[in-house]
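Let me begin by presenting the structure, written as structure tokens, before commenting on it.
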Amino acid sequence: MDKQTPEVFHALNSVATAVRNAAAAVDLGRAVLELVNVRVSQLNGCAYCLDVHFRAARDAGVSTQQLAVLDAWQRSPQLYSEQERAALIVAETVTALPDEHRIQREYAAARQHLSDDQMSVLIWAATTIGAFNRVSIMSGHPVRVRKEN
């Protein structure tokens, strides 16, 4: 897909850049965004995006322990800040698109620790990585074997 219609893929990359800029403007750190990227990629099963964003999360200061238990983050709340937990609630809600009552309940919980602007940016972040997950999966982007440091 990305090679067949590169102009659309470039536009998606521009959206990702705009999301990062908007996050910085509303005091959402890169670590929070990368936790969202990894969690959404886990839920969608995108190996390529997991590989990319695991490394990006580490570079942004997310601990190996946080990444190791991210799939069970709700059972280990002590590892994540209130803002990170709220961001993960938003990420999972956007990805799963549950019924309206659950959406409202989850958003209300997240709003206790996020401003409206931060909520908006996180919804965009989860939506954007979800689109990248689909592009990578449908394009068959491979995870390349590399030497670990």
Side-chain angles (χ1 to χ4, degrees), residues 1-2 7-139 141 143 146 148-149:
M1 284 174 60
D2 56 330
E7 65 279 359
V8 177
F9 188 68
H10 293 301
L12 186 57
N13 278 308
S14 294
V15 170
T17 299
V19 168
R20 281 191 302 276
N21 292 339
V26 298
D27 201 29
L28 283 173
R30 186 63 187 254
V32 172
L33 283 185
E34 291 304 337
L35 280 170
V36 167
N37 288 337
V38 173
R39 184 65 186 129
V40 172
S41 298
Q42 286 176 331
L43 293 169
N44 288 327
C46 183
Y48 182 84
C49 292
L50 281 168
D51 186 49
V52 168
H53 290 286
F54 178 91
R55 289 180 284 136
R58 291 290 296 127
D59 290 346
V62 177
S63 74
T64 302
Q65 186 179 28
Q66 286 176 299
L67 289 167
V69 300
L70 186 56
D71 195 39
W73 69 270
Q74 292 176 330
R75 292 187 174 100
S76 51
Q78 69 280 9
L79 295 181
Y80 305 92
S81 70
E82 289 177 344
Q83 186 182 64
E84 290 167 339
R85 290 192 310 272
L88 291 168
I89 288 170
V90 172
E92 290 184 358
T93 303
V94 169
T95 304
L97 289 176
D99 66 73
E100 197 61 33
H101 294 307
R102 183 167 175 204
I103 290 172
Q104 294 309 315
R105 187 176 65 245
E106 298 293 356
Y107 280 3
R111 277 195 177 97
Q112 293 178 22
H113 306 288
L114 299 168
S115 70
D116 288 342
D117 289 339
Q118 290 172 327
M119 286 284 294
S120 179
V121 169
L122 288 166
I123 292 167
W124 274 109
T127 300
T128 303
I129 189 62
F132 274 112
N133 293 161
R134 283 151 180 79
V135 169
S136 292
I137 290 167
M138 299 309 295
S139 297
H141 291 164
V143 174
R146 64 180 178 282
E148 295 296 324
N149 296 336

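Every heavy atom of this structure was used, including side-chain atoms; hydrogens, water molecules and symmetry mates were not.
For the pair Y80/L70, a side-chain contact is recorded, criterion being any heavy-atom separation below 4.5 Å from C-beta on. Between D2 and H141, some side-chain heavy-atom pair lies under the 4.5 Å cut-off. A 4.5 Å side-chain heavy-atom check between D71 and R39 finds at least one atom pair inside the cut-off. Between N13 and F132 there is a side-chain heavy-atom pair separated by less than 4.5 Å. Taking 4.5 Å as the limit, every side-chain heavy atom of F9 sits out of range of all side-chain heavy atoms of M1.
Residues I137 and G45 come closest through the heavy atom pair CD1-O, 4.0 Å. For Q74 against P77, the heavy-atom pair with the smallest separation is O-CD, 3.6 Å. The shortest non-hydrogen separation linking V90 to A110 is CG2-CB, 3.7 Å.
Remark: R146 pairs with D51 by the side chain to side chain donor-acceptor pair (under 3.5 Å) rule, at least two apart or across chains. Under the side chain to side chain donor-acceptor pair (under 3.5 Å) criterion, S63 pairs with Q66, sequence neighbours left out. With sequence neighbours left out, R134 forms a side chain to side chain donor-acceptor pair (under 3.5 Å) with no residue at all. In this view, Q112 satisfies the side chain to side chain donor-acceptor pair (under 3.5 Å) rule with no residue, not counting sequence neighbours.
Note that CG of L114 is 11.0 Å distant from CZ of R85, once rounded to the nearest 0.5 Å. Taking CD of Q83 as the start and CG of L88 as the end, the distance is 10.5 Å to the nearest 0.5 Å. The distance from the CD atom of E92 to the OG1 atom of T95 is 7.5 Å, given to the nearest 0.5 Å. Taken to the nearest 0.5 Å, the CZ atom of R55 stands 11.5 Å off from the CG atom of L50.
A donor-acceptor contact under 3.5 angstrom links the side chains of E34 and H53, judged on distance only.
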What side-chain donor-acceptor pairs closer than 3.5 Å can you find for residues 120-131, not counting sequence neighbours?
{"unit_1": "T127", "atom_1": "OG1", "unit_2": "I123", "atom_2": "O", "d": "2.8"}
{"unit_1": "T128", "atom_1": "OG1", "unit_2": "W124", "atom_2": "O", "d": "2.7"}

Do any side-chain atoms of residues 96-107 form donor-acceptor pairs under 3.5 angstrom with protein atoms, and if so which ones, sequence neighbours left out?
{"unit_1": "D99", "atom_1": "OD1", "unit_2": "H101", "atom_2": "N", "d": "3.0"}
{"unit_1": "D99", "atom_1": "OD1", "unit_2": "R102", "atom_2": "N", "d": "3.0"}
{"unit_1": "E100", "atom_1": "OE2", "unit_2": "Q104", "atom_2": "NE2", "d": "3.0"}
{"unit_1": "R102", "atom_1": "NE", "unit_2": "E106", "atom_2": "OE2", "d": "3.3"}

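For the pair R58 (side chain) and V62 (backbone), a donor-acceptor distance under 3.5 Å is present.
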